[in-house]
2 protein chains.
Amino acid sequence: MAECLFREQGYDATTVDHIAERAGISQRTFFRYAGTKEDLVLSDFERQGERMVDVLRSRPATENPWTSLRHAFEVVVASRGEQSDRDRAKLMYSIIESSPALRAAYLDRMDLIQRGLVDVLLDRPTGTDNRVVTRALVGAAFAALNAVIETCDPDSNGPDTFAADLDHVLAQLEPTSTRI
Amino acid sequence: MAECLFREQGYDATTVDHIAERAGISQRTFFRYAGTKEDLVLSDFERQGERMVDVLRSRPATENPWTSLRHAFEVVVASRGEQSDRDRAKLMYSIIESSPALRAAYLDRMDLIQRGLVDVLLDRPTGTDNRVVTRALVGAAFAALNAVIETCDPDSNGPDTFAADLDHVLAQLEPTSTRI
DNA sequence: CGCATCTTTGGCAGTCACTGTCAGCTGTGA
DNA sequence: TCACAGCTGACAGTGACTGCCAAAGATGCG
């Protein structure tokens, strides 16, 4: 819906009034449902984040955290299965990148997701209760994920290059002391 | 100046009009100089980022990137030398944490700094020109830095616990293939 | 069906950050 | 003293967002 407008005239140039009019509702109703103009773009990521937390919680507590995080990232990999999904993701990221405020909000959501994952890892009976290192570990894994998302060649992308790239970068980045 | 107001009544509750009035200038002049309300808080970090890029560029191109980044982070360590510096940093981070929008903007600046560091590393004649992995590496190092900043016990902080903590987390997080 | 009640919706006014424009003031050099 | 450049402030406007209230619609019950 609104994505079409964003794609056509850009995120910043599209006013909420315009979106509401196109949707056939009042501006007031728009804000009641969407919460925020940013949420139109970012709510998808938020939902992905929640699923990542769920997946992480479902992993065995004795599993290597790095491996568990890789499984959580499967949520993102899965969201890029079809070509149409990949096109949509590409569009979303180009919209996000087009507006500084939106990109900032996106990074904030990512940060919140990371905090959620950290809490899950700290809840494990095994493993350290070292918040700092766990926070850093999750941040590092996300750095790998975001690097792949960000730098992933947009076009001519084979079906599952994404998963392979992610695995490659995660392997390169795996901490020396993988068992923290 | 404005920090006092932020400390006293909170960031969001302090309007630009209020700040301008306290500074004895018009709102228009405020915006001409400060650019943005957020910049009042974040310009310090921006300057730190530039210095980090300078430091990284001054390191030998053959140096292990992880080590080079640690040297760049010395900028942050140095900015916490005195107790008064640490108090100020604590205040700044509490202000940032108090406003979602401000935290988002902070994360955005951090991201921009990382991109700057990535470009420096990619300019090195030695080393790979693998953007994805380099991006992830810098992100991982920043994850360590931010984890320490974020989780650093605010009070009863010995003089240079910060540097020690940072070294510890960076060591734990150092990628398996430290030489990428 | 009629009525009461709850929810949904829209309009209105207001706040706050931010911008463009323009007119007035200030300082500087000729 | 005059001309010109730069700084400053007032003003009006935009765009996201909120609180408030009244109208409209849906729902339940006798």
Side-chain angles (χ1 to χ4, degrees), chain A residues 1-47 49 91-112, chain B residues 1-47 49 91-112:
Chain A
M1 275 274 155
E3 293 148 29
C4 302
L5 293 174
F6 293 153
R7 177 158 32 90
E8 287 162 18
Q9 25 179 309
Y11 177 81
D12 286 328
T14 306
T15 71
V16 170
D17 280 346
H18 196 172
I19 300 170
E21 186 192 7
R22 181 68 73 92
I25 58 176
S26 72
Q27 195 215 51
R28 196 66 189 80
T29 304
F30 168 87
F31 279 114
R32 225 166 337 231
Y33 282 82
T36 286
K37 187 181 167 189
E38 288 166 354
D39 284 344
L40 283 182
V41 179
L42 300 181
S43 59
D44 278 9
F45 296 97
E46 213 139 340
R47 248 171 288 128
L91 170 64
M92 288 311 206
Y93 281 102
S94 76
I95 293 174
I96 289 174
E97 208 62 28
S98 77
S99 161
L102 189 55
R103 195 185 51 199
Y106 168 78
L107 292 171
D108 193 50
R109 308 296 161 104
M110 288 294 129
D111 198 68
L112 288 178
Chain B
M1 273 273 158
E3 293 148 31
C4 302
L5 292 174
F6 293 153
R7 177 158 30 91
E8 287 161 18
Q9 24 178 305
Y11 177 81
D12 286 327
T14 306
T15 71
V16 169
D17 280 346
H18 195 173
I19 300 170
E21 185 192 7
R22 181 66 74 90
I25 59 176
S26 74
Q27 196 215 49
R28 196 67 189 81
T29 304
F30 169 87
F31 279 114
R32 224 161 345 227
Y33 281 83
T36 286
K37 186 181 168 190
E38 287 165 355
D39 284 345
L40 283 182
V41 180
L42 300 181
S43 60
D44 278 9
F45 297 96
E46 213 139 340
R47 248 172 286 129
L91 170 64
M92 287 311 204
Y93 281 102
S94 76
I95 293 174
I96 289 173
E97 208 62 27
S98 76
S99 162
L102 188 56
R103 195 185 52 201
Y106 168 77
L107 291 171
D108 193 49
R109 310 296 161 106
M110 288 294 129
D111 199 67
L112 289 178

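Here the structure is a predicted model, which is why all the values come from computation and not from measurement. Chain naming here is simple, since letters A, B, ... match the order of the sequence lines and numbering starts at 1 in each.
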Nucleotide-resolved protein contact map, nucleotides 14-25 of chain D, B/S/- at heavy-atom distance under 4.0 Å
-SSBBBB-----

What closest approach, in Å, do Asp108(A) and Pro100(B) show between heavy atoms, and which atom pair accounts for it?
OD2-O, 4.2 Å

Closest heavy-atom pair and its distance - Thr14(A), Ile19(A)
CG2-CG1, 3.6 Å

Output the distance between atom CD (Glu3(B)) and atom CD (Glu8(B)), rounded to the nearest 0.5 Å.
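It is 11.5 Å, given to the nearest 0.5 Å.
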
Establish, with yes or no, whether the OP1 or OP2 oxygen of dG10(C) is under 4.0 angstrom from a side-chain nitrogen or oxygen of Ser26(A).
yes

Contact under 4.0 Å: Tyr33(B) side-chain N or O vs dT8(D) OP1/OP2:
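Yes, such a contact exists.
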
Begin from the C-alpha positions of Leu42(B) and Leu102(B) and carry the test side chain to side chain contact (heavy atoms under 4.5 Å, CB included) through to its verdict.
CA-CA 9 Å; Leu42(B) 300 181; Leu102(B) 188 56; 4.2 Å; yes

If we only count heavy atoms from C-beta on, is the Tyr93(B) to Glu97(B) side-chain gap below 4.5 Å?
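When only atoms from C-beta onward are counted, Glu97(B) and Tyr93(B) do not touch, as no gap falls below 4.5 Å.
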
Could you give me the CA-CA distance, side-chain angles and deciding distance for Arg103(B) and Leu112(A), then say whether side chain to side chain contact (heavy atoms under 4.5 Å, CB included) is met?
CA-CA 11 Å; Arg103(B) 195 185 52 201; Leu112(A) 288 178; 3.7 Å; yes

Taking the axis from the first five pairs and the axis from the last five, what angle separates them in the helix from dC1(C)-dG30(D) to dA30(C)-dT1(D), rounded to 10 degrees?
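Helix axis angle between the two ends: 10°.
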
Let me know the distance between CG of Leu102(B) and C1' of dC16(C), rounded to the nearest Å.
16 Å

Residue pairs passing the side chain to side chain donor-acceptor pair (under 3.5 Å) test where at least one lies in residues 29-38 of chain B, sequence neighbours excluded
Ser26(B)-Thr29(B)

Look at Arg109(A) together with Asp44(A) and state whether they make a salt bridge at an N to O cut-off of under 4.0 Å.
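No, this pair does not count.
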
